[in-house]
Each structure stands twice: as structure tokens, then as C-alpha cells.
Engineer: 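Here you go, one structure.
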Number of protein chains: 2
Amino acid sequence: MPEDRPRRDPASFEAKRREILRAATRAFARKGFAGTRVGDIAQEAGIAYGLIYHYFDNKDAILSSLFQGMWGVSLKVIEGIDAQGGTLEEKLRGVAGFFLEAWRLEPDAVEVVLKEVLRSPKFLDADNVSAFRGLFERLEGIFVAHAAELRPGVDPKLTAVLFLGALEILLTGMIARELLGADAAAIEQSRDALVDTFLHGIAG
Amino acid sequence: MPEDRPRRDPASFEAKRREILRAATRAFARKGFAGTRVGDIAQEAGIAYGLIYHYFDNKDAILSSLFQGMWGVSLKVIEGIDAQGGTLEEKLRGVAGFFLEAWRLEPDAVEVVLKEVLRSPKFLDADNVSAFRGLFERLEGIFVAHAAELRPGVDPKLTAVLFLGALEILLTGMIARELLGADAAAIEQSRDALVDTFLHGIAG
DNA sequence: ATTGCGACTGATTGACCAGTCAATCAAGGA
DNA sequence: TCCTTGATTGACTGGTCAATCAGTCGCAAT
């Protein structure tokens with residue numbers, strides 16, 4: 001009788017896939033997506049060129065996989081923050097804090113997603129845009145739910161866009177090392193400045 | 001005697017250069033910089049392939065020229081808004097209004113600069129970064145000058161980053177047609193929402 | 001032992017495209 | 001008329017690189 005036991009072990013397959021993904025992330029962070037040859041990824045991972053294509057359909061699929069993974073986690077965390085309840089201020093601090101912390105823990109991955117996916121026309125395809133929209137809608141939902149805490153006339157959709165935009169540029173600035181430090185205290189300070197500015201404005 | 005009169009007419013040379021630049025801008029807006037072949041630009045401009053290289057050093061130089069032109073004008077306008085005086089609110093409204101208006105009048109050019117220069121690691125070279133920094137510093141200067149109108153503890157540099165970041169994402173959203181309309185009224189509304197949020201916050 | 005399968009290799013291929021260049025054209029001056 | 005010079009043309013070259021593929025290796029089941 002044929003054995004049910006599959007010849008390919010899914011667990012080790014996934015493990016190797018992740019290993020390649022991590023190597024690719026390092027390479028992309030160093031030289032950019034376009035500047036990274038598939039051979040560079042193979043070298044970084046310590047495997048042969050052709051093996052990349054055993055684990056990924058093509059070069060684009062590697063970047064997409066990175067983005068989808070990060071984005072899925074992000075969406076779940078934001079949903080968790082929302083579900084947990086609390087004030088609007090606490091939720092916004094949670095959202096901003098999560099992305100800033102993600103960068104502290106996984107700087108390469110965040111940098112690559114920010115620079116190569118969110119900012120590249122090429123990767124703004126249907127799948128990614130809809131993933132994108134999911135996060136925006138979730139944040140917009142938070143603003144709608146907390147409408148009582150907002151000044152009248154504040155548009156939730158526009159506010160969501162402005163908040164994420166400001167957060168994005170904050171991260172971009174930190175990545176470029178133009179802005180503040182990378183330690184936990186500096187991150188906390190940036191997060192608070194962002195949330196305070198949004199909630200209370202800069203006017204005296 | 002040799003004539004002083006130059007054989008090459010600088011005025012018509014510049015005119016043709018601008019013509020090519022406009023054709024390239026259209027092509028870049030439609031297919032992205034990387035997706036546009038030099039042949040596409042030539043076709044769009046109705047000239048031969050090789051002639052592009054008579055007017056520009058290479059493909060990159062075309063995009064750089066577009067950026068430098070736009071950025072130079074922007075910096076001058078922002079300086080003018082600052083010099084003209086007025087309240088902080090008026091100045092911020094002026095800055096945001098200028099960029100939004102620029103997009104209404106020259107959508108292709110603004111879109112290309114936004115998507116292909118500001119967001120591309122490749123074009124963030126020394127020249128462009130320093131041009132970039134000029135605008136940031138000018139805006140930061142405005143916040144410093146109006147410190148009396150600000151809440152204590154507001155960091156001018158961080159505020160400048162957040163303001164331009166939010167403005168950038170607002171434009172990006174409008175370009176993607178996800179957000180609001182493109183008519184003058186919608187633009188005015190977005191501009192006011194941005195400035196109001198920054199000055200007074202969203203909290204009630 | 002042998003066979004079947006997934007893991008793995010890296011040289012080769014084929015497409016793409018920026019940039020070059022030799023040749024032609026048009027206009028002005030001698 | 002003939003020369004000079006800049007404008008113009010587009011076929012061609014050279015380099016790059018993603019993706020393929022023919023094959024090797026090692027293990028596990030029969």
C-alpha cells in the first residue's frame with residue numbers, strides 16, 4: 001500500500017522558505033529590491049542560485065511574501081488593539097507604538113516594506129492595495145467608534161489617512177537616521193509626539 | 001572675422017528640452033519611470049530615439065531635471081509665503097494649498113515627482129536629499145518663528161516632518177483617486193482639514 | 001539493489017533596454 | 001557653390017539579469 005506520509009516535509013519546507021526570506025530581506029535592505037540580484041539572495045542564504053526557484057515562483061514573489069506576512073500580522077495586532085477597548089488616545093498610542101516597535105525589532109523588514117512595497121508603483125497591485133485598504137478601514141473604524149471624543153466636523157477617513165501618513169514619514173525619517181535615535185526611549189517620545197499632535201494640535 | 005553669434009540658439013534649445021521633458025512626464029505618469037523606455041519618450045515627443053541623448057545626458061537626467069525644476073519653484077514659493085508674513089495658520093494653509101494646487105494644475109508632474117523621486121531610493125542621492133532638506137528646514141524655520149503660537153514642548157523639526165508627511169500622503173491618496181475629488185472645492189476642503197488637524201487636533 | 005522523489009546545483013539562455021554612432025539633413029556664411 | 005555646424009535619424013552593441021533546465025545527490029520505501 002502507498003504510504004500516506006508525504007515525502008516532502010511541510011514544516012522543514014516552510015522553515016527553509018523563511019530562511020531564504022530573511023536572507024532576501026537583509027539583501028533588499030542593503031541594496032534595494034532592484035539592486036539585489038537573485039544570485040545575491042542565494043549567496044546571502046548560502047544556497048545555490050536555482051534553489052531560490054524551488055521555494056519561490058520568482059523574485060517578485062519573495063518581496064510580496066515578505067509584505068503579506070508583515071501586513072497580516074499588523075492587521076491582526078491593530079484589530080487586537082481595537083478589540084481591547086480603551087480611549088482613542090490609548091488606541092492611537094498602541095497603533096503607532098506597534099509600528100515603531102516593529103521597526104526596532106525588525107529594522108530590515110520594516111525598511112524594505114516601507115521603501116520597496118508601499119512606495120513602489122510596481123507592487124501596488126490589486127492584492128496589495130486591498131491589504132492596504134484593510135488597515136485603513138480598520139483605523140477609520142476606530143475614529144468612527146470614538147466619534148464622541150472628536151471635534152465635530154472631523155472626517156474619519158481623512159484623519160486615518162493623515163495619521164498613517166504621518167506615521168509612515170516618521171518611520172522613514174528614523175530609517176534615514178535623520179531623526180532622533182533608535183532606542184526605546186526615543187521611540188516612545190516620537191510615538192507620544194505623534195499622538196499628541198494628532199489629538200490636541202500644535203497650537204497653544 | 002569669426003562671428004560671435006552662436007550657431008546654437010539657446011532659446012530654442014531650451015524650448016525643445018522642455019518639450020521632451022513634458023512628453024517624458026506624461027509617459028512616466030502613465031507607465032512609471034522604470035516601465036518607460038527611452039523609445040516611449042521619443043515616440044511621445046514625436047522625435048527620433050537618439051535625439052533624446054542630444055538634449056539629455058541619459059534617462060535618469062530627465063527625471064532629475066523634472067524634480068529639480070519643480071523643487072526649485074516650490075522652495076521659492078514657500079519662501080515667499082514665509083516672507084509675506086501672517087499667522088502660522090495662514091502660512092500652513094499657503095504651503096498645503098500650493099502643493100495641492102500644483103497637483104490640480106500639473107497632475108502628471110506632481111505625480112511623477114511624488115512616486116518616482118521622493119519614494120525611490122535610487123533618486124535620493126546627495127543633490128536631491130539636500131534639495132529636500134532645504135524645504136524641510138524652511139518649514140521648520142516657520143514653526144520656530146511662530147513658537148509663541150505653539151503649545152510648549154512642541155518640537156519644530158518633528159512637526160515639520162509630520163506636516164509634510166501628512167501632506168504627501170494626502171496627495172498620494174488623491175492621486176490614487178481613493179480620496180475626495182479633484183475639483184477646487186474638494187482641494188480647499190482637504191487643505192483646511194489638514195491644517196486644522198495640525199493646529200487644533202482631532203480631540204473634542 | 002533499485003527505484004522514486006524531493007533537495008539541490010550552476011551554466012546557459014533569452015529577453016530586454018540604455019546608450020552609441022555613423023550617416024543624413026538643413027541652414028547660414030564665405 | 002561649398003563648407004561648417006548643429007539637428008536629427010534609427011540600427012546596432014554590450015551588458016545585465018531573471019528564469020530555465022538538465023542533471024546530481026541522498027534518503028527512504030519496497
Side-chain angles (χ1 to χ4, degrees), chain A residues 1-25 27-28 30-66 112 116 120-123 125, chain B residues 1-21 23-25 27-28 30-66 116 120-123 125:
Chain A
M1 284 311 306
E3 283 290 333
D4 283 356
R5 184 182 160 296
R7 314 277 294 200
R8 167 196 284 194
D9 177 13
S12 75
F13 185 84
E14 277 309 311
K16 190 109 197 184
R17 231 182 102 96
R18 267 196 301 278
E19 208 175 297
I20 293 173
L21 196 56
R22 295 190 63 240
T25 302
F28 292 160
R30 205 181 315 123
K31 307 172 72 173
F33 177 77
T36 301
R37 280 157 298 177
V38 174
D40 295 337
I41 300 172
Q43 192 171 26
E44 180 80 27
I47 60 175
Y49 185 103
L51 194 56
I52 300 282
Y53 290 90
H54 189 68
Y55 289 95
F56 291 93
D57 285 348
N58 50 51
K59 190 186 172 191
D60 285 5
I62 302 176
L63 185 54
S64 279
S65 171
L66 175 67
V112 169
E116 306 290 346
S120 151
K122 177 178 173 189
F123 281 96
D125 57 17
Chain B
M1 286 296 338
E3 284 289 332
D4 285 356
R5 182 184 162 292
R7 313 279 291 201
R8 167 197 283 196
D9 176 14
S12 75
F13 185 83
E14 277 310 312
K16 191 106 196 185
R17 231 181 104 97
R18 267 196 302 277
E19 208 175 297
I20 293 173
L21 196 56
T25 303
F28 292 159
R30 205 181 315 123
K31 308 173 72 173
F33 177 76
T36 301
R37 283 156 295 178
V38 174
D40 295 337
I41 301 171
Q43 193 171 25
E44 181 80 28
I47 60 175
Y49 185 103
L51 195 55
I52 300 282
Y53 290 90
H54 189 68
Y55 289 94
F56 291 92
D57 284 348
N58 50 49
K59 191 186 171 191
D60 285 7
I62 301 176
L63 185 54
S64 280
S65 171
L66 175 67
E116 307 290 347
S120 153
K122 177 177 172 189
F123 281 97
D125 56 17

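Residue numbers start from 1 in every chain, and the chains themselves are labelled A, B, ... in the order their sequence lines are given, proteins ahead of strands.
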Engineer: Please list each protein N or O that sits under 3.5 Å from an N or O in nucleotides 17-21 of chain C, with the distance.
Structural biologist:
residue : atom : partner : partner atom : Å
C:dA18  : OP1  : B:Lys59 : NZ           : 3.2
C:dA18  : OP2  : B:Val38 : N            : 3.1
C:dA18  : N7   : B:Tyr49 : OH           : 3.2
C:dG19  : OP2  : B:Tyr53 : OH           : 3.2
C:dG19  : OP2  : B:Lys59 : N            : 2.9
C:dG19  : N7   : B:Tyr49 : OH           : 2.6

Engineer: In whole Å, what is the span from the CG atom of A:Asp9 to the C1' atom of D:dC27?
Structural biologist: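 It works out to 13 Å between those atoms.
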Engineer: Let me know the distance between CD1 of A:Ile62 and C1' of D:dC17, rounded to the nearest Å.
Structural biologist: 14 Å
Engineer: Which donor-acceptor pairs under 3.5 Å do the side chains of residues 46-63 of chain A make with protein atoms, sequence neighbours left out?
Structural biologist:
residue : atom : partner  : partner atom : Å
A:Asn58 : OD1  : A:Asp60  : N            : 3.2
A:Asn58 : OD1  : A:Ala61  : N            : 2.9
A:Lys59 : NZ   : A:Phe33  : O            : 3.0
A:Lys59 : NZ   : A:Thr36  : O            : 2.8
A:Asp60 : OD1  : A:Lys122 : NZ           : 3.2

Engineer: Can you give me the closest heavy-atom contact between A:Arg17 and A:Ser65, atom names plus distance?
Structural biologist: NH2-OG, 3.5 Å
Engineer: Could you tell me the separation between the CD atom of A:Glu14 and the C1' atom of C:dA7, rounded to a whole number of Å?
Structural biologist: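 It works out to 15 Å between those atoms.
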Engineer: NZ of B:Lys16 versus P of C:dA26: gap in Å, rounded?
Structural biologist: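 It works out to 14 Å between those atoms.
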Engineer: Sequence neighbours excluded, which residues qualify as salt bridge (charged side-chain N to carboxylate O under 4.0 Å, His left out) partners of A:Arg37?
Structural biologist: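 With sequence neighbours excluded, A:Arg37 shows a salt bridge (charged side-chain N to carboxylate O under 4.0 Å, His left out) to A:Asp40, given in chain and number order.
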Engineer: Figure out the CG/C1' separation between B:Leu51 and C:dA23, and round it to whole Å.
Structural biologist: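 Distance check: B:Leu51 CG to C:dA23 C1' gives 15 Å.
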Engineer: Over all heavy atoms of both residues, which pair between B:Thr25 and B:Leu66 is shortest? Give the atoms and the distance, please.
Structural biologist: OG1-CD1, 3.7 Å
Engineer: Scan B:Phe56 against the nucleic acid and name what it touches under 4.0 Å (heavy atoms): base, sugar-phosphate only, or nothing.
Structural biologist: nothing
Engineer: Salt bridge (Lys or Arg N to Asp or Glu O under 4.0 Å): which pairs involve residues 42-51 of chain B, sequence neighbours left out?
Structural biologist: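 Applying salt bridge (Lys or Arg N to Asp or Glu O under 4.0 Å) to every pair that reaches into residues 42-51 of chain B, excluding sequence neighbours, yields B:Arg26-B:Glu44, B:Arg30-B:Glu44.
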Engineer: Determine: side-chain N/O of B:His54 to OP1/OP2 of D:dA7, distance under 4.0 Å, yes or no.
Structural biologist: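 For D:dA7, OP1 or OP2 has a side-chain N or O of B:His54 closer than 4.0 Å.
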Engineer: How long is the line joining CD1 of A:Ile52 and P of D:dA18, in whole Å?
Structural biologist: 11 Å
Engineer: Have a look at A:Ile47 and say if it touches a base, only the backbone sugar-phosphate, or nothing, with a 4.0 Å heavy-atom cut-off.
Structural biologist: sugar-phosphate
Engineer: What pairs with A:Glu19 under side chain to side chain contact (heavy atoms under 4.5 Å, CB included), at least two apart in sequence or on another chain?
Structural biologist: none
